[in-house]
Structures are given as structure tokens and as C-alpha cells.
There are 2 protein chains.
Amino acid sequence: MPKISIRGLHMPESPIRKLVPFAEKAKERGVEVIHLNIGQPDIKTPEVAIQAIKAINMSVIEYSHSAGNESYRKALAKYYDKISPGITHENILITTGGSEALSFAFTACFNPMDEVIIPEPFYANYNGFADSTGVSVVPIHSDIENGFALPPIEDFEKSISQKTKGILICNPGNPTGYLYKREELEKLRDLAKKYDLFLFADEVYREFCYDGKEHVSLLNLDGIDDNVIVVDSVSKRYSMCGVRIGALISRNKEILSTVLKLSQSRLSPPSLGQIASEAALNTPDSYFEEVIQEYVERRNILVEGLNSIDGVFCPLPGGAFYAVAQLPVKDCDDFCRWMLEDFELNGQTVMMAPASGFYSAPTMGKQEVRLAYVLSKEKLKAAVNILREGLKKYQEVHAEAMV
Amino acid sequence: MPKISIRGLHMPESPIRKLVPFAEKAKERGVEVIHLNIGQPDIKTPEVAIQAIKAINMSVIEYSHSAGNESYRKALAKYYDKISPGITHENILITTGGSEALSFAFTACFNPMDEVIIPEPFYANYNGFADSTGVSVVPIHSDIENGFALPPIEDFEKSISQKTKGILICNPGNPTGYLYKREELEKLRDLAKKYDLFLFADEVYREFCYDGKEHVSLLNLDGIDDNVIVVDSVSKRYSMCGVRIGALISRNKEILSTVLKLSQSRLSPPSLGQIASEAALNTPDSYFEEVIQEYVERRNILVEGLNSIDGVFCPLPGGAFYAVAQLPVKDCDDFCRWMLEDFELNGQTVMMAPASGFYSAPTMGKQEVRLAYVLSKEKLKAAVNILREGLKKYQEVHAEAMV
């Protein structure tokens with residue numbers, strides 16, 4: 001039997017999905033699993049997008065242009081022009097989700113063995129994209145104590161080697177929910193300029209900023225046009241993760257032409273998803289106002305609830321719809337599995353993502369979990385209660401596993 | 001400005017799409033361009049698939065399972081079970097087009113610098129997938145004189161090195177239309193067994209076999225279960241290239257679990273496309289009978305027409321909907337561009353794909369073009385006539401460029 005590749009062997013399992021078999025077994029036993037492990041919002045997809053799909057009038061579902069439909073790219077350019085004046089459709093390539101945009105960016109920018117610096121904890125799949133493109137991730141530790149703010153710029157500088165080709169941030173952050181301040185981004189910009197590095201931002205949660213705080217896009221920083229590559233997606237913005245439509249936005253023409261070649265090799269992004277995405281641009285502002293109000297209320301219920309549990313600490317996220325909480329247990333991988341295998345409260349339990357998968361080394365973040373507040377307020381209240389009782393019970397049966 | 005990657009620089013432009021700017025200029029001049037360059041069929045998507053999309057009843061377009069919807073995988077397993085008894089949904093992973101299936105297969109099976117042997121001419125994007133995954137393509141020359149039949153197995157054996165990890169075929173072939181015989185496939189099987197190589201087949205044109213010839217799938221060969229990986233797609237089968245739904249099928253559990261990890265890193269294949277694809281499984285047999293009849297008539301018109309032109313030779317393809325023809329010119333890249341820039345007949349011209357892009361070295365196949373017979377019989381007749389007159393005119397103005 002031929003051997004699979006080393007990168008295939010190394011490829012990490014998704015920390016978000018690896019507990020799925022245990023959740024499935026819990027469900028088989030009749031337990032309701034409250035899924036805080038995955039960022040699949042229950043928010044409705046805008047009606048304009050659904051209706052556009054239902055109204056398709058085509059006899060052949062054809063390939064689109066490899067760069068995406070020009071009508072969609074032009075409509076999308078108006079959205080980005082508000083974020084960063086001067087962006088046109090020629091700065092935008094439509095991709096199959098934000099995932100493909102990031103894979104393409106890594107392939108176009110990095111040679112195998114090159115290094116990308118990422119503040120951790122970071123979105124687990126960055127490890128996957130790095131592994132499959134042969135890129136080494138160099139993590140910089142950000143601290144739960146200050147809400148996962150940008151680590152000192154000296155920490156970045158110390159980590160720069162001959163192999164360093166770029167820095168990647170997620171803003172606002174998955175899994176932390178941290179929203180970077182303009183002055184933090186300007187520090188990164190100055191560093192990227194000094195060392196001539198690519199600066200990547202995953203901004204797929206851009207719309208979800210709370211408490212009156214404003215999102216600053218990398219596209220909006222001066223003097224660094226050729227270094228910046230932004231990855232975006234309609235998945236979360238319009239709660240339509242399944243259409244698999246994202247985008248790569250840059251002012252660097254060499255990057256755009258290289259990513260276009262990669263795009264051509266996979267022919268085209270999904271045609272139906274592009275129809276939904278173009279229509280979604282007409283979503284009324286009131287939709288976002290309601291959605292943001294809803295997320296703020298959910299966040300407050302979850303974070304206040306978590307902090308009311310003995311030994312639990314959860315900083316208040318400024319954006320996205322995730323929170324990382326520190327639990328009073330030694331090994332959240334074990335605790336999260338135990339919650340699915342051995343615990344229930346009134347027929348319910350909670351599924352969380354152990355945060356270890358969001359760090360570059362599996363020994364990190366063992367006391368932390370990521371929770372997505374993408375479910376109703378009632379479910380979140382129930383989840384907090386289940387977690388509170390779960391921790392009590394876990395302490396009773398596994399006192400040695402507590403901190 | 002930071003440098004893009006070496007693989008990004010090396011990445012070839014699509015031979016199918018690189019002449020697009022010249023076609024666009026021709027259209028601006030008011031010339032109708034008959035597109036024989038691209039495999040975008042004009043055949044209607046089955047009505048059951050379109051109706052399933054129009055009938056979607058969902059308020060949130062969610063991610064699907066990373067492996068694809070289980071209902072779709074189970075329905076699809078019935079299709080493959082007819083090809084190779086015993087295939088279940090657990091042998092099938094749904095991908096974003098056949099392109100992603102092949103990218104995943106390369107990533108899972110090959111380390112960078114490993115070699116894959118491919119008979120050439122081959123589908124141009126194999127070069128792109130190889131470049132972006134760091135794999136080296138070792139071509140084996142197949143000959144237009146015998147219709148691009150499998151090259152002597154000794155040629156394969158001579159090319160096997162320590163680095164060789166697999167052999168890839170496309171059956172029936174793009175760009176050649178060649179349909180491999182069972183005995184040819186068995187020779188490849190024996191070779192793969194002898195050297196413990198992966199054996200990949202791109203079988204996306206499986207439905208399109210002509211003249212009573214039967215398709216033999218790699219899945220249908222005995223004694224080589226762990227070596228075989230089949231790549232498939234609904235794009236051509238149901239003429240819905242834009243839904244971007246493919247599949248990877250294997251009996252090798254290690255490959256399946258590795259590709260599942262790759263699948264998780266990009267979250268899910270398109271949800272809407274899966275709905276269309278699952279519905280398309282109910283396409284009536286009469287649809288395929290009509291479509292195949294149509295393609296046979298088109299093929300005959302095109303191939304007979306081509307062979308009636310002085311100095312042109314085109315073998316009769318046994319499957320798919322492409323033909324490779326040898327033209328009496330020295331450089332088909334130049335000739336194809338000239339047809340778009342400098343020639344028209346009654347306001348029409350023909351766009352072809354120069355075959356050089358389907359070879360591993362751009363010096364090969366210079367006298368050949370690929371033509372896709374995906375347009376109406378009238379258009380194909382017109383195209384043959386335009387090509388005949390175009391060659392005459394090209395000879396008048398570029399006698400030195402003729403063979």
C-alpha cells in the first residue's frame with residue numbers, strides 16, 4: 001500500500017469538529033447537544049439572497065469567469081470603496097469561501113518552508129492551510145489577561161527570520177473576538193514595511209463590531225498598498241456559510257495576477273453562490289442593525305454568565321461572535337469530551353471547542369475553550385447553566401483534573 | 001514590495017483562457033467568436049436539478065458536512081455501486097468540483113518534489129495542481145498517429161524513479177478524447193502494483209463514451225483497492241459546471257481520512273450545488289441517450305470536417321467531447337491568436353485552444369489544437385468552414401509559418 005504524504009499525516013484534525021463522534025453518540029442517547037463549538041449562526045440569510053436563488057432563470061448552470069462574475073465584482077467594489085476609496089473590481093477576485101482566498105494567498109506569497117507570523121490563539125484552519133502549502137507558522141503569544149490584545153511589537157520583531165515572509169491577523173478575531181485598534185494595526189504596518197513582509201488580514205467578521213467600536217481594515221492603512229492582502233467572505237456577514245463565496249482583495253497587481261492563475265486552475269467559484277452573494281449586497285441596513293443588537297445581547301448573556309461561574313474567566317470580546325474562556329480544569333480537551341460522554345442536565349449538554357486546537361502547539365491553551373454565541377439567548381442561558389453544573393460534577397468525579 | 005512565490009511565478013497560464021483578451025477584442029470589433037476553446041457545453045442542465053434549486057426551502061444557507069451531505073453521499077453510492085459493487089458513502093467525499101478532488105489527492109499522496117507520471121497531452125490544469133502542491137510531472141508521450149492510445153508500458157517503467165509516487169490518467173481523455181481499453185488499464189494496474197504507486201483516474205467524462213464502447217473505471221479493477229483514487233464531477237455529466245460539485249472515491253481508508261482533514265480545513269463543499277447534484281441523480285436515462293446521440297453527431301461533423309481540410313489530421317475520439325487536431329502550421333499558438341486578431345469569415349471566427357498548453361514542455365504539440373465540440377451542429381459546420389478558409393488565408397500571408 002503506497003504511503004500517504006508527510007503533510008497529510010501532519011495535517012491537524014479540526015478542533016471544532018474532532019469531538020463530533022462524541023456529540024453524535026450523545027444524540028443517539030437522546031441528549032440534546034447545544035452546539036457552541038461551531039460558528040454556524042442561526043441568523044436568517046437575507047431574504048433577497050434566498051429569493052435570488054429561487055428566481056434563477058437559466059437553462060445551463062455554467063462556469064463563471066475564474067475571477068468571479070464581473071457584475072458581482074463591480075457591485076462588491078462599491079462596498080469596498082467605502083472601506084478604502086479607490087478599490088475597483090480589478091482589485092477583487094471571487095473565491096470559494098474565505099478558505100480558498102487564504103490558501104491562494106499562501107500559495108502565491110510563500111515558498112515551502114517560508115514562515116508566517118500569527119498571534120495565537122488563531123483560527124485552527126490556518127494550521128491546515130499552512131501545512132498543505134508547506135508554510136511554517138511562527139506563533140506570537142497573545143494573553144487572555146488583556147483580552148488577547150496585539151502582543152508587544154518587539155515580540156514580533158524578535159521572531160522575524162530570513163524565512164519570514166508575512167504576518168497574518170484575524171480582525172475581529174476568531175477565536176478571541178478581539179478587535180484591533182488603529183494604532184495596533186499601524187504598528188504592524190510599520191513592521192511589515194520595515195522588513196518588507198506581506199500583511200494578511202482575515203476580515204470575515206468585519207461587520208460584527210460592538211459597543212460603538214469601529215472596524216479598521218488593513219485596506220485603510222496608508223503607505224503599504226503592495227504588502228496588504230485581505231481575505232473576506234459572505235459566510236458570516238449574511239449568514240450563508242453554505243454558498244461558499246469569499247474574496248481576495250489587494251492593490252498588489254503581481255499578487256492579483258498570480259492568484260488569477262490559481263483561480264483559473266480550479267476554473268470558477270460557485271455560480272449559484274455568486275448569485276446569492278450579489279443579491280445580498282442589497283440587504284437593508286436594518287438587517288445588520290438587528291443582527292448586531294442580537295449578537296451584543298447574546299455576547300453579554302454568555303460572557304456575564306461565564307464570569308459568574310466560580311473559577312471561570314472570559315474577557316469581553318469587541319467583535320465577531322466567539323469568546324475564549326479559561327476554565328478551572330487542567331485539560332479542556334478531556335473536559336469537553338466528558339461533557340458529551342458523561343454529563344447531561346435535564347436532557348441537555350453543551351459542546352465546546354477545546355482551545356488547544358487554536359494554538360500552534362497542542363500543549364498550549366489547555367485550560368481554555370472557544371464558545372460561539374450563534375444560538376438563541378434562551379439556549380445560551382441554558383448552556384451557561386449546564387456548564388456551571390457540569391464543572392461542579394466534574395470536580396466531584398475528577399477532583400484531580402481541576403486547577 | 002515583497003516577492004511572490006516561485007511556484008506562483010511558475011504557475012502556467014491556462015491555455016484555454018490565455019487568448020481571452022484577443023477574443024474580447026474581436027468581439028469589440030463586432031466579430032462573432034465561435035468558442036471551441038472551452039469545455040462549457042451548451043447542453044441543458046437536467047430540469048430536476050434546476051427545479052430543486054428553485055424549490056429550496058431554507059431560511060439559513062448553512063455549511064454542509066465537510067465530507068458532503070450524507071443524503072447526497074448515500075444516493076451517489078448507489079451510482080458508484082453499479083460501477084464497482086461494494087462502494088458505500090464512506091468511500092466517497094464530496095468536493096468543490098473535480099479540481100478540488102485532484103488537489104486534495106495530490107496533497108494527501110505526494111510530498112513536495114515527488115513525481116507523478118502522466119501520459120501527455122494532458123488536461124492543462126494538472127500542471128497547475130502539480131505546481132501549487134510542489135509535485136513534479138513526468139510526462140509520457142502519447143501519439144496522435146494512433147489516436148493517443150496508452151503509450152507502451154515500457155515507457156512508463158523507464159520513467160519510474162525513487163521519487164515516483166503515482167500515475168495519473170484521464171479516461172476518457174481531455175484533451176484527446178481517447179477511451180482506454182480494459183487491457184490498457186490492467187497493464188497500468190500491474191505496473192502500479194509492482195512499484196506500489198498510487199493510480200489516479202480523472203473520470204469526469206465517464207458518461208460520454210461512443211460507438212458502443214464501454215467505460216472501464218479504475219474502481220472496477222481487481223486487486224488494487226488501496227492504490228486507486230478516482231476523481232469525479234457533476235460538471236460535464238449534467239452540464240452544470242457552475243455548481244462546483246465533484247467527488248473523490250477510494251477504498252484506501254488512510255487516504256479518505258487524510259482527505260477528510262483537508263476537507264475540514266475548507267469547511268464544506270457548496271450547499272446549493274449539492275442540492276442540485278443530489279436531484280440530478282434522478283435525471284431520466286433518456287436525457288443521457290439524447291445527449292450522447294447529440295455529441296456523436298457533433299463529433300462526426302467536426303472530425304470529418306477537419307479531416308476534409310488539406311493538411312489537417314484529427315483522430316476519432318472514443319469519448320468525452322474534445323478532439324486534438326494537427327494543423328499544417330508551425331505554431332498553433334500564433335495561428336490561434338491570428339484567427340482572433342486578423343481573420344473573420346462573414347463576421348465570424350473560431351477560438352481554439354493551442355495544444356502546447358496540454359504538454360509539459362511548451363515546445364511540444366506546437367502543430368496541434370484542442371477543439372471542444374460543445375456547440376450546435378450548425379456552429380460546428382460553420383467553424384470547420386471558417387478554419388478551412390482561415391488556413392488558406394494564413395498560408396497566403398504567412399507562407400513561412402506553414403508546415
Side-chain angles (χ1 to χ4, degrees), chain A residues 1-2 4-8 11 13-14 17 40 42-45 53-54 56 59-64 66 96-97 99-100 107-112 125 128-129 132 134 165 196-198 226-227 239-244 252 254-255 258 261-262 264-273 276, chain B residues 1-2 4-8 11 13-14 17 40 42-45 53-54 56 59-64 66 96-97 99-100 107-112 125 128-129 132 134 165 196-198 226-227 239-244 252 254-255 258 261-262 264-273 276:
Chain A
M1 188 165 112
I4 65 162
S5 66
I6 295 166
R7 59 187 163 197
M11 189 80 191
E13 265 193 292
S14 164
R17 303 199 175 207
Q40 170 57 62
D42 66 346
I43 300 290
K44 286 190 177 151
T45 305
I53 293 297
K54 293 177 78 79
I56 54 162
S59 58
V60 188
I61 305 177
E62 297 190 0
Y63 289 127
S64 76
S66 295
T96 308
S99 300
E100 188 183 64
T107 305
C109 296
F110 295 114
N111 294 316
N125 288 329
F129 303 134
S132 59
K165 279 283 292 283
D196 204 21
L197 305 176
F198 286 111
D226 278 331
N227 303 62
S239 192
M240 46 185 201
C241 303
V243 301
R244 311 310 301 128
N252 181 323
E254 208 177 357
I255 288 297
T258 303
K261 288 193 289 181
L262 292 167
Q264 287 176 341
S265 81
R266 60 72 163 123
L267 304 169
S268 91
S271 297
L272 297 171
Chain B
M1 188 165 111
I4 66 162
S5 67
I6 294 164
R7 58 188 164 197
M11 190 81 193
E13 265 192 292
S14 163
R17 301 198 176 209
Q40 169 57 64
D42 66 346
I43 299 289
K44 285 189 179 157
T45 305
I53 292 297
K54 293 177 78 79
I56 55 163
S59 57
V60 188
I61 304 176
E62 296 190 358
Y63 289 125
S64 76
S66 297
T96 308
S99 299
E100 190 184 61
T107 305
C109 297
F110 296 116
N111 294 315
N125 288 327
F129 303 135
S132 59
K165 280 281 292 284
D196 204 20
L197 305 176
F198 287 109
D226 279 330
N227 304 60
S239 192
M240 48 184 196
C241 303
V243 301
R244 309 312 299 126
N252 181 320
E254 208 177 357
I255 287 298
T258 303
K261 290 193 288 180
L262 293 167
Q264 287 177 341
S265 80
R266 59 73 163 125
L267 304 170
S268 90
S271 296
L272 298 170

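Quantities reported herein were computed from a predicted structural model and do not represent experimental measurements. By convention in this document, chain letters (A, B, ...) are assigned in the order of the sequence lines, proteins followed by strands, and residues within each chain are numbered from 1.
The residue among I53(B), I6(B), D196(B) with the most heavy atom pairs within less than 4.5 Å of chain A is D196(B). Interface remark: of the candidates R7(B), E62(B), E254(B), K165(B), R7(B) forms the most heavy-atom pairs closer than 4.5 Å to chain A. Each of M240(B), R266(B), K261(B), E100(B) has some count of heavy-atom pairs under 4.5 Å with chain A, and the biggest count is that of K261(B). Ranked by non-hydrogen atom pairs under 4.5 Å with chain A, the options T258(B), D226(B), N252(B), N111(B) are led by N111(B). Most heavy-atom pairs under 4.5 Å with chain A: of the set G128(B), S268(B), A276(B), this distinction falls to S268(B). Among the candidates P112(B), S265(B), S271(B), S132(B), the residue making the largest number of heavy-atom pairs closer than 4.5 Å to chain A is S265(B). Put simply, of A108(A), G8(A), G97(A), G273(A), the one with the most heavy-atom pairs under 4.5 Å next to chain B is A108(A).
Looking at T107(B) and S5(A), their side chains never come closer than 4.5 Å, going by heavy atoms from C-beta outward. Taking 4.5 Å as the limit, every side-chain heavy atom of P269(B) sits out of range of all side-chain heavy atoms of R244(A).
Contact annotation for S99(A): only side-chain heavy atoms (C-beta onward) come within less than 4.5 Å of a heavy atom of chain B. D42(A) touches chain B through its backbone: at least one of N, CA, C or O sits under 4.5 Å from a heavy atom, while the side chain does not. Interface remark: L262(B) contributes backbone and side-chain atoms alike to the contact with chain A (heavy atom separation under 4.5 Å). When heavy atoms are compared at a cutoff of 4.5 Å, T96(A) approaches chain B solely by way of its side chain, counted from C-beta outward. With a 4.5 angstrom heavy-atom cutoff, L197(A) touches chain B only via backbone atoms.
Here the CG-CG distance, from N125(A) to L267(B), works out to 5.5 Å after rounding to the nearest 0.5 Å.
Listed for the Q40(B) side chain is a donor-acceptor partner under 3.5 Å among the backbone atoms of Y63(A).
Nearest heavy atoms, I43(A) versus V60(B): O-CG2, 3.4 Å.
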